[in-house]
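So the structure is just underneath, and the comments pick up after that.
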Amino acid sequence: MITSMNRRRLLKSSVGGALALGVGTQVPRGLRAAASVLENRQDSILVVVQLSGGNDGLNTVIPYTDEAYYRARPQLAIQKSDALRVDAETGLHPELSGFSELLQDGLLSIVQGVGYENPNRSHFESMDIWHSCRRKSEPRADGWLGRFLELAEPVNATRSNQVAALHLGKNEQPLALRSQRVQIPSVQSVDQFRLTGHQGDALREWVSRLTAPSASPSSAAGLASSADDLLGFVQSSTSSALAASEQVDQALQDYQTGVDYPDSALGKQLLTIAQLIDSGIQARIYYVELDGFDTHAQQAATHANLLRQWSDAVTALVRDLERHGHGDRVCVLSFSEFGRRVAENASGGTDHGAAAPVVLAGGGVAAGVIGQPPNLEDLHDGDVKYQVDYRQVYATLVREWLGGDPVPVVGQDFETLPLFAAQA
Amino acid sequence: MRHELEDIDPAWAWAPFGPSDEQPWDLRLVTHLFRRAGLAAGLAQVDQALESDPQAIVAEMVERSRLAATTDQPGDELSRTILASGDSRRLSAAWLYRFLNAPEQLLEKMTLFWHGHFATGAEKVNDARMMWDQNTLLRKHAVGYFPELVHGIARDPAMLVYLDSVSNRKSHPNENFARELMELFCLGEGHYSERDVQELARCFTGWEIRSRRFRKNRYQQDRGTKSLLGQSGPFDGEDGIEIVLRQPAMPQFICQKLVKFLVCDEPPLSPRLLAPLVSEFREQGFQLAPLLQRILGSNLFFSRHSLARKIRSPIELVGGLLRALGGTTNVVEMATGLAGIGQGLFFPPNVKGWDGGRDWINSSTLLGRANLVQRTLSSPKTRFQGAGLAESLEQQGASSPDEVVQWLLERLLATPIDQDQRAILLSELTGGTGDREQRTRNTLHLLSTFPEFQLG
């Protein structure tokens, strides 16, 4: 039952920007020993950038010393002289200059060869696998992030009425965010977090009255006591929502980025995310998509353009968050449903492939390249073989970044990868 | 905290309600009945209902819905035009138009219930005609004979496309529909085994959708013996459905879900309390009309365990507001708005449909609700009895600020607000910005942001 005291606490936590997820309540048994680490992880945030269509990993992270790469891609290969040098074997596509600088500043991590056994080359099927961590034969009622959020939410307690995660975009909500219990909003713009209208004083008076610490639930005489529960739930949700609205309003008015976001849809979305994070909204997960990576024909210019959009926008977000003091608590994960075939096709493009790099950015990551460049002499049906199971990346994110038990999230136990700098 | 529902006498709970001094047949109960059995009472309906008695009204609304199930309704013309365009998104608006204007509100409410129960998403089906045909099927049986509805849905192209069950071959029985038939449609988890799923899937072999139509492919039918839920025989699909429908868990499962939809969100009623209803459903041969009449006319339905014990769904919130005030608006914009706060008609979130209750509410949807009401009220296309809101209320006899606030509270709220809240509404109405019409609309919007407004 929500008492006025609970309401105050909820409200305080929303205003103070502390947490809606109670400390301790969701700590899995096996991880209690690491409680201090987890406590620091209560406010960590994951931003997922989904590169839809199958990003060409080989032309993103370039094996510029590999003759086989140049043999397979006479037209499309990025020349050694053009690649932005990462180390003695690896370079970046020239449009990824933002990422190159992040790498030098210790803010970017590249995981080579991420994929899975028996890769599926259907966009939908492979995307569903990445989202749900389940193969087609298994039921897919929820996604990995949805499961994480469900486990993170205190069971049975007053349902957390904070927004646990947010999907920004016009598309259907990604399966990754789906869960049985936690409702995750998909919004097209931040205006959906602002109360519109011109009531002026009356509305402000009402808001301040509802959000005042001394406010008590109106007594609804003649109703059963559990009706008060339902009403109490709505009252506390309303005060949280109004507080969130004020926060966002304030944040949007006051926010000075000082960073140039690219004038693209992704750039705008990531700026919104920076504003929301700075406003103290307590979502732990943000999800955005960049579509268009299905480059079967005339790939070079299209791919370069997409990579620039991606790198510029993510770089701006990371720099912006650093400036606002959130750099160490936000990690940006970029992935695609698959890479592309090693050999280019006859149309100046590439077809659906398999394993590809995953990129993480932010103040917490262990910068550098994890894993080896793809072995192009040892392919699986013309595709790069995977070195790292995508679930291993997720498991590491859940255990070491978000502070949860990865086993129920990804379905089995995986060894963690050295993705984060401050690992306990 | 244990709920007092546990102590209620089941026989009393489902006995016909008769008004008394403690629970008089007044505006509060009238609006409650019409809110639950539809979106809201129309302006004329309220006065008529006050003159009548609850049992007669419930009997009439059930009977009229039963008769209307197969006749044309408002919106059919519009839907035909939309179907010609093939745009699934606009289907939502067509049904909404019908919902807002249908004289038989219970029929639409029950069609919505079955849409959530047999959830099918237009995004995946991607065929407006198929979706509309399913809607017609749901409406036809919405207050009819439940087994017929199940048999119909088992052959429904949209459903089978949605559940990836368009082909069902002997060598590779498709378990998806068989599983959902037991888990989501008839029995609930725990009342069948994995083996039953496999055996039931065998019963459905040969059932397929070709050229958007259902057909049986006898070459793919597994004619062998199946062991299903304790029975065995060379069952086909119809046999399989009948066996599932005859399970004792079925009437319990359906009654529980109906009570949650019509009576109260929480807590779930105990089997003991549901027992008389379950017996009634069985004795009536699984006819829905007498079951609905029993629920909507019951003591429990008109008790404090039901009043304001539900969180309004988005369509109940905005649609209810419009109907209660005799309002009309642009349904295409409204349908899009409803989808934005979690209830796109023809676009349920997943195979389980809408969970409802507390799941409707979070920071984003609450603000979205208030903003949708604001958008609706500020649209020039929103009219009340063809006029402005202030003028329309005046026609209803609400002229002074006190009368206007009182009228809005009585018609729109299921639970009272306190004096402070009322004072805020009054000060907006008398001292806010804009002309009288603007202030009246602003007051209504302010009211819609109150927590009490979320309860129905």
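No hydrogens, no waters, no symmetry mates; every other heavy atom, side chains included, goes into these values. Convention: sequence-line order gives letters A, B, ...; per-chain numbering from 1.
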inquiry  = Determine whether B:T449 and A:T238 satisfy the following criterion, side chain to side chain contact (heavy atoms under 4.5 Å, CB included), listing intermediate values before the conclusion.
reply    = CA-CA 8 Å; B:T449 66; A:T238 305; 6.0 Å; no

key: A:E138, CD: over 12 other non-hydrogen atoms inside 6.0 angstrom   = yes

message = How about NZ on A:K136, more than 12 heavy atoms from neighbouring residues, nucleotides or ligands closer than 6.0 Å, or not?
response = no

query = Do you know which two heavy atoms are closest between A:L230 and B:R358, and how far apart they sit?
reply = CD1-NE, 3.9 Å

task = Find the distance between CG (A:D229) and CD (B:E266) and round it off to the nearest 0.5 Å.
result = 7.0 Å

key: Side chain / backbone / both / neither for B:K310 at chain A, heavy atoms under 4.5 Å   = backbone

note = Scored by heavy-atom pairs under 4.5 Å with chain A, the best of B:D265, B:D355, B:I311 is B:I311

